[in-house]
Asks: 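The structure follows.
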Amino acid sequence: MLRRLVCLVLCLCLPPARAEIALPEIGDAAGGLLSAQLEQRIGVAFMREVRQSMPVLDDPLVAGYVDSIGQRLTRSADDARNPFGFFVVVDPTLNAFAGPGGHIGVHSGLILTTESEDELASVLGHEIAHVTQRHLPRAFEHQQRMTIPTIAAMLGAIILGAYGGGDAGVAAITAVQAGSVQNQIDFTRQNESEADRIGIQTLATAGFDPHAMANFFERMHESMRFSAGEKMPGFLQTHPVTLDRIAESRDRAQNLPGRRLPDLGMFLHMRERVRVLTAAGPAEALRYYEQNPMPGEAKAARAWRYGDALALLRAGKIAPASELLTALGTEVPDFLPYRVAQVELALAAKQPAAASALARTDLALYPTDQALLILLGEAELRSGHPAATRALLGDQAHQADPAPQVLELLARAAEQRGDKVEAYQMRAEYHVQNGRLELAMEQLRRASKLQPIAYAQLVTIEARLRQLQDDLEFERQFFGRRALTVQ
């Protein structure tokens, strides 16, 4: 992934350094690699930039599934000392990327291109290896005296490379003299080889098929052979696939055990869910299932019918969606995607009490599932029970990385309860999660001016304001200005 990014950063226009905050230089002889503490703070700032620059798919079922694969891999990875986060970007192109602080993004287009859970895991395993081997900090050190503005430019390059397409990277590279980039290219080729080797080992240790990486690379290589003149996918620009690389991947997997995980068909269902949720609209989603025949294999056929049901549901066609989901639930009882879809169906049919009853029954089977908890919170809110929503989700607001939907529900629940102070606080945290610190601070200032307000609440709000002001100054210093405005 780093190959194009390191090259790209060499020709970016860097923002002028400001004097408000003294930030260290990275990678000088005395400083060594980027410190873990600073890398984590940069990672938080990076994710805020990502959320402002890219449409992140916050569907809790898809997000939870991708995160479950990623966490399974990190538990089996060497040197996975820090928390990892995995997220999906709504983008039809085939790409994935790793940012600082263990934040790994995968495009929806890549999920739709992969043919198995193992292939998706192979991409995530490769990106995890970039993080565990600290390739980004090592790239900073390799540049020597990499300053904070330069690091900011490289992170902007990651976002640009992840979402802006390949043309910017190509233009950047051609703008630099060949001799000055060759050393960086060689350095990052080593990174790619290392990420392949470690990623394949991690796949096998986690119970996935270690041959999946070579299978995926081979299919990508074959597809590009028959698409002359077409723009190369971003993943292949940053992860160039050669016959040698495919052969090396196969050789590394040769003596490793095959897949040891039961195939529940979850990948096929989540792929269809991504297809429907990222379609341009309900008509496009429906058209896909009208124009593409149902597969013959049983698991694939059920996944196809599930996608069709979701497309019907998104189009407001409640009756046919219900018929499909009822049949699927009869064939495979207690399968989480079908359970979640039934709750979504009840909410779409404006039956919040029924949705609440279904969700509570399902949570007995899946007590920690985030999708069901959020749907239950929504159902209780629509039923006029905001206190129940707060009781269900309130603790999550204080976790390290709460889901934006949770914060939005808690804000609405506070409004229904007439607690204006808490409503402003939850709206503020919602904006923080989406990278809009200025809007968050405005919400907190409004809360602090409400009367009456408890002294403890005021102290909490003022402390949070100071913390966000510090974060805002750090990010302004770090990025100089907003890194990107994606159209």
Asks: For the CZ atom of Arg302 and the CG atom of Leu324, what is their distance to the nearest 0.5 Å?
Replies: 13.5 Å

Asks: Could you tell me whether the side chains of Glu117 and Tyr65 share a donor-acceptor contact shorter than 3.5 Å?
Replies: yes

Asks: Answer yes when Arg275 and Glu272 have at least one side-chain N-carboxylate O distance shorter than 4.0 Å, and no when they do not.
Replies: yes

Asks: Would you compute the distance between atom NE2 of His126 and atom OG of Ser249 and round it to the nearest 0.5 angstrom?
Replies: 9.5 Å

Asks: Locate the shortest heavy-atom distance separating Ile128 from Gly70; write the atom from each residue and the value.
Replies: CD1-O, 3.8 Å

Asks: Taking all atoms of both residues into account, what is the closest heavy-atom pair of Leu61 and Pro337, and its distance?
Replies: CD2-CA, 4.1 Å

Asks: Does the pair Phe87 and Phe97 meet the rule for a ring pair (Phe, Tyr, Trp, His ring centres under 6.0 Å), with working shown?
Replies: CA-CA 10 Å; Phe87 59 97; Phe97 58 97; 5.8 Å; yes

Asks: I need the minimum non-hydrogen distance between Gly102 and Val131, along with the two atoms involved.
Replies: CA-CG1, 3.9 Å

Asks: Ala403 and Gln370: which non-hydrogen atoms are nearest, and at how many Å?
Replies: CB-NE2, 3.7 Å

Asks: Given 3.5 Å as the limit, does a donor-acceptor pair link the side chain of Thr389 with the main chain of Gly377, or not?
Replies: yes

Asks: Is the ring centre of Phe335 less than 6.0 Å from the ring centre of His269?
Replies: yes

Asks: Kindly compute the distance separating CG (Leu372) from CG (Leu392), expressed to the nearest 0.5 Å.
Replies: 11.5 Å

Asks: Identify the heavy atoms of Ala214 and Arg250 that sit nearest to each other, and give their distance.
Replies: CB-CG, 3.4 Å

Asks: Are any side-chain N or O atoms of Arg271 and backbone N or O atoms of Thr114, one a donor and one an acceptor, separated by less than 3.5 Å?
Replies: yes

Asks: Is the backbone N or O of Val276 less than 3.5 Å from a side-chain atom of Arg314, with the two atoms forming a donor-acceptor pair by type?
Replies: yes

Asks: Between Glu429 and Gln425, does the side chain to side chain donor-acceptor pair (under 3.5 Å) criterion hold? Intermediate values first, please.
Replies: CA-CA 6 Å; Glu429 297 308 320; Gln425 287 177 300; over 6 Å; no

Asks: Could you tell me whether Arg41 and Glu475 have a side-chain N and a carboxylate O separated by less than 4.0 Å?
Replies: no

Asks: Short question: side chain of Asp67, backbone of Ala63 - any donor-acceptor pair under 3.5 Å?
Replies: no

Asks: Give me the atom names and distance for the closest heavy-atom approach of Pro210 to Pro257.
Replies: CD-O, 3.1 Å

Asks: One thing to verify: whether Arg197 and Glu192 come together as a salt bridge, which I'm taking to mean a side-chain N less than 4.0 angstrom from a carboxylate O.
Replies: no

Asks: Could you walk me through whether Asp362 and Val343 pass the side-chain contact (heavy atoms from CB on, under 4.5 Å) check?
Replies: CA-CA 9 Å; Asp362 297 341; Val343 181; 3.6 Å; yes

Asks: Has Asn434 got a side-chain atom pairing as donor or acceptor with Arg436's backbone, closer than 3.5 angstrom?
Replies: no

Asks: Any side-chain donor paired with an acceptor under 3.5 Å for Gln469 and Arg466?
Replies: no

Asks: Kindly compute the distance separating CG (Leu393) from CG (Leu407), expressed to the nearest 0.5 Å.
Replies: 9.5 Å

Asks: Would Thr278 and Val88 satisfy side-chain contact (heavy atoms from CB on, under 4.5 Å), going step by step from the backbone distance to the final call?
Replies: CA-CA 11 Å; Thr278 61; Val88 179; over 6 Å; no

Asks: Determine, stepwise, if the pair Gln396 / Leu410 fulfils side-chain contact (heavy atoms from CB on, under 4.5 Å).
Replies: CA-CA 10 Å; Gln396 294 191 36; Leu410 289 171; 5.9 Å; no

Asks: Thinking salt bridges, do Asp58 and Arg51 make one under a 4.0 Å N-O criterion?
Replies: yes

Asks: Are any non-hydrogen side-chain atoms of Asp369 and Leu373 less than 4.5 angstrom apart?
Replies: no

Asks: Would you sort out whether Val106 and Phe86 count as a side-chain contact (heavy atoms from CB on, under 4.5 Å), showing the intermediate values?
Replies: CA-CA 8 Å; Val106 55; Phe86 302 86; over 6 Å; no

Asks: Starting at CG of Asp196, measure out to CD of Glu248 and round the result to the nearest 0.5 Å.
Replies: 8.0 Å

Asks: Got a sec, which residues hit salt bridge (charged side-chain N to carboxylate O under 4.0 Å, His left out) with Glu119, two or more places apart in sequence or on another chain?
Replies: Arg219

Asks: Any carboxylate oxygen within less than 4.0 angstrom of a Lys/Arg side-chain nitrogen, looking at Asp471 and Arg48?
Replies: yes

Asks: Check Arg259 with Asp209, please: is the shortest side-chain N to carboxylate O separation under 4.0 Å?
Replies: no

Asks: Is there a donor-acceptor contact under 3.5 Å linking the side chains of Asn95 and Thr93?
Replies: no

Asks: Do the charged groups of Glu344 and Arg273 touch, with an N to O distance under 4.0 Å?
Replies: yes

Asks: If you take the centroid of each ring, where Trp contributes its six-membered ring, are Tyr366 and Tyr338 closer together than 6.0 Å?
Replies: no

Asks: Between Trp304 and Lys299, is there a donor-acceptor pair closer than 3.5 Å when you use the side chain of the first and the backbone of the second?
Replies: no

Asks: What distance separates Phe208 CZ from Ser122 OG, expressed to the nearest 0.5 Å?
Replies: 10.0 Å

Asks: Residues in salt bridge (charged side-chain N to carboxylate O under 4.0 Å, His left out) with Glu297, at least two apart?
Replies: none

Asks: State whether Arg360 and Glu380 are salt-bridged, where the test is any N-O pair (Lys NZ or Arg NE/NH1/NH2 against Asp/Glu carboxylate O) under 4.0 Å.
Replies: yes

Asks: Considering residues, nucleotides and ligands other than Asp263, do more than 12 of their heavy atoms fall under 6.0 Å from its CG?
Replies: yes

Asks: Could you check whether any side-chain heavy atom of Val89 comes within less than 4.5 Å of a side-chain heavy atom of Leu57, counting everything from C-beta outward?
Replies: no

Asks: So, the side chain of Gln433 versus the backbone of Pro402: is there a donor-acceptor pair under 3.5 Å, distance only?
Replies: yes

Asks: Surrounding CG of Asp334 (heavy atoms of other residues, nucleotides or ligands, distance under 6.0 Å), is the total greater than 12?
Replies: yes

